[in-house]
Amino acid sequence: MTIIKLGYVAMSMELKNASPSKTMTFRQFSQIPDREAAIRKLERIAVSNLHNCLRLLRHNKANGIEFFRLSSKLIPLANHDELSDWDYMAPLRESLQEIKSFLKESQMRVDFHPDHFVLLNAAKTDILQVSVKTLALHRRLLAGMGIDTTHRCVLHVGGAYENKEKALEQFIENWGRIPLAIQKMMMLENDDKSFTMNDTLYLCEKLGIPHVFDYHHHLANPGEEDWKEHWQRTIATWEQSPLPVKMHISSPRCTDNYRAHADYIDPAMFMEFLHGIKGSLPEVHCMIEAKQKDLALFKLAEDLSTETGMERLGPATFRIGR
DNA sequence: GCCAGTCAAGTCCCG
DNA sequence: CGGGACTTGACTGGC
């Protein structure tokens, strides 16, 4: 028997005017003559983003969704070189406290997926340094929300740099240089171009990092492997985690553009995955990555209950097997 | 209101 | 070696 919980990414297509990712570019920032006023504006945007983040969490709770990826764009320009004197956390305490109070009362699993500029396997030390700085920002936000930071940030392995083996070894070398608090926060995902499930598992096993299996990425970049032969390895990387196994599910936009995300999830593709893992673990959390965000989650949940006859335990919770 | 072009960051790919 | 594509939501400016 496996419990399946569905989650979605960062923003809602249903809840209006609730973007948690409003921004200001550096160019806009520079064009405001009064620097202090410009910083106050950044702060107002960040507070608004956190406020909308809380609205989204409430929306999730109201709809029985207990798994959610937070936007990584909550604080515009937080890590920009020209703003190193800005204490971006100070004006956010109250907003973070509100989220903390909400999360304390709910079952919600939340995490982050920092964007593709965060590269832990970069050979260039300045890129590694900025990456660690960005992860430290994520850590501060999680801590501010009262979340145990263990296994709350998923990343890709990074660049292939024309030599995948070397790039994997560079990851291991860099890993030893990053703070333990950051290490503990990480999860690693197989990607759709360079690092396959097997490549990613090599690092996960060696360094004790949970593997987030992305089924769509695997189909786009399978390597030599049948994923089912490695699935037990993925599960094993979660043995020391306080959290259930997490995976990503999305569907290709079309055959010409296989790697891009479709609006919705193909339930047949999802069922293929579920049949592959049947009975292998008690609970799995599936992050829906689709352009229609929460609407795609609602639609998949409907499709699963009408077309597959899977037992529905809640709006976004199912059970397979007995 | 709508459309096209732009935006902090890196890597990849093509000419 | 250099410049554009990639991918993305948000925003600006022009109509």
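Residue numbering restarts at 1 for every chain, and letters A, B, ... go by the order of the sequence lines. All values reported here derive from a predicted model rather than from experimental measurement.
- For the side chain to side chain contact (heavy atoms under 4.5 Å, CB included) with A:Y88, the lone residue among A:L77, A:I75, A:L74, A:I39 that qualifies is A:I75.
- Seen from the ring of A:F171, A:K206 does not count as a face-on cation partner, given the 6.0 Å and 45° thresholds.
- The hydrophobic cluster containing A:F68 also contains A:I147, counting ILVMFWY residues as joined when their side-chain heavy atoms lie under 4.5 angstrom apart, directly or transitively.
- Comparing the same atom, P, in C:dA10 and in B:dG10 gives a spacing of 23 Å after rounding to whole Å.
- Cation-pi contact between A:K299 and A:Y264: present, with separation from the ring centre below 6.0 Å and deviation from the ring axis of at most 45°.
- Using a 4.5 Å heavy-atom cutoff, the side chains of A:V154 and A:D111 are not in contact.
- Look at C:dT7: it lacks any Watson-Crick or wobble partner with both distances under 3.5 angstrom.
- Atom name P, nucleotides B:dC2 and C:dT8: the rounded distance is 23 Å, in whole Å.
- Between A:F273 and A:Y215, the two ring planes are tilted [angle within 30° to 60°].
- Across all strands shown, A:R253 has no heavy atoms under 4.0 Å from either base or sugar-phosphate atoms.
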| query | Would A:H248 and A:E189 satisfy side-chain hydrogen bond (donor to acceptor under 3.5 Å, both in side chains), going step by step from the backbone distance to the final call? | reply | CA-CA 9 Å; A:H248 292 168; A:E189 170 190 2; 3.1 Å; yes

| request: Could you give me the CA-CA distance, side-chain angles and deciding distance for A:H156 and A:H113, then say whether side chain to side chain contact (heavy atoms under 4.5 Å, CB included) is met? | output: CA-CA 9 Å; A:H156 297 267; A:H113 194 336; 3.6 Å; yes

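- Base pairing of B:dA9 is not made with any nucleotide, judged by Watson-Crick or G-U wobble geometry with both donor-acceptor distances under 3.5 Å.
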| note | Once base and sugar-phosphate atoms are separated, protein heavy atoms under 4.0 Å mark nucleotides 5-15 of chain B, 5' to 3', with B, S and - as --SBBBSS---

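- Nucleic acid contact for A:K293: sugar-phosphate only, since backbone atoms but no base atoms lie under 4.0 Å from a heavy atom of the residue.
- Across the P atoms, B:dC7 and C:dG3 are found 16 Å apart, a figure rounded to whole Å.
- Connection of A:L203 to A:V118 is established within a shared hydrophobic cluster, with ILVMFWY side chains joined at heavy-atom distances below 4.5 Å, either directly or through further cluster members.
- A nucleotide of DNA chain C counts as in contact with chain A when one of its atoms lies under 4.0 Å from a heavy atom; the first and last such, 5' to 3', are C:dT7 to C:dT12.
- Residue-to-nucleotide proximity on DNA chain C shows that, of A:M11 and A:Q31, the 5′-proximal contact is made by A:M11.
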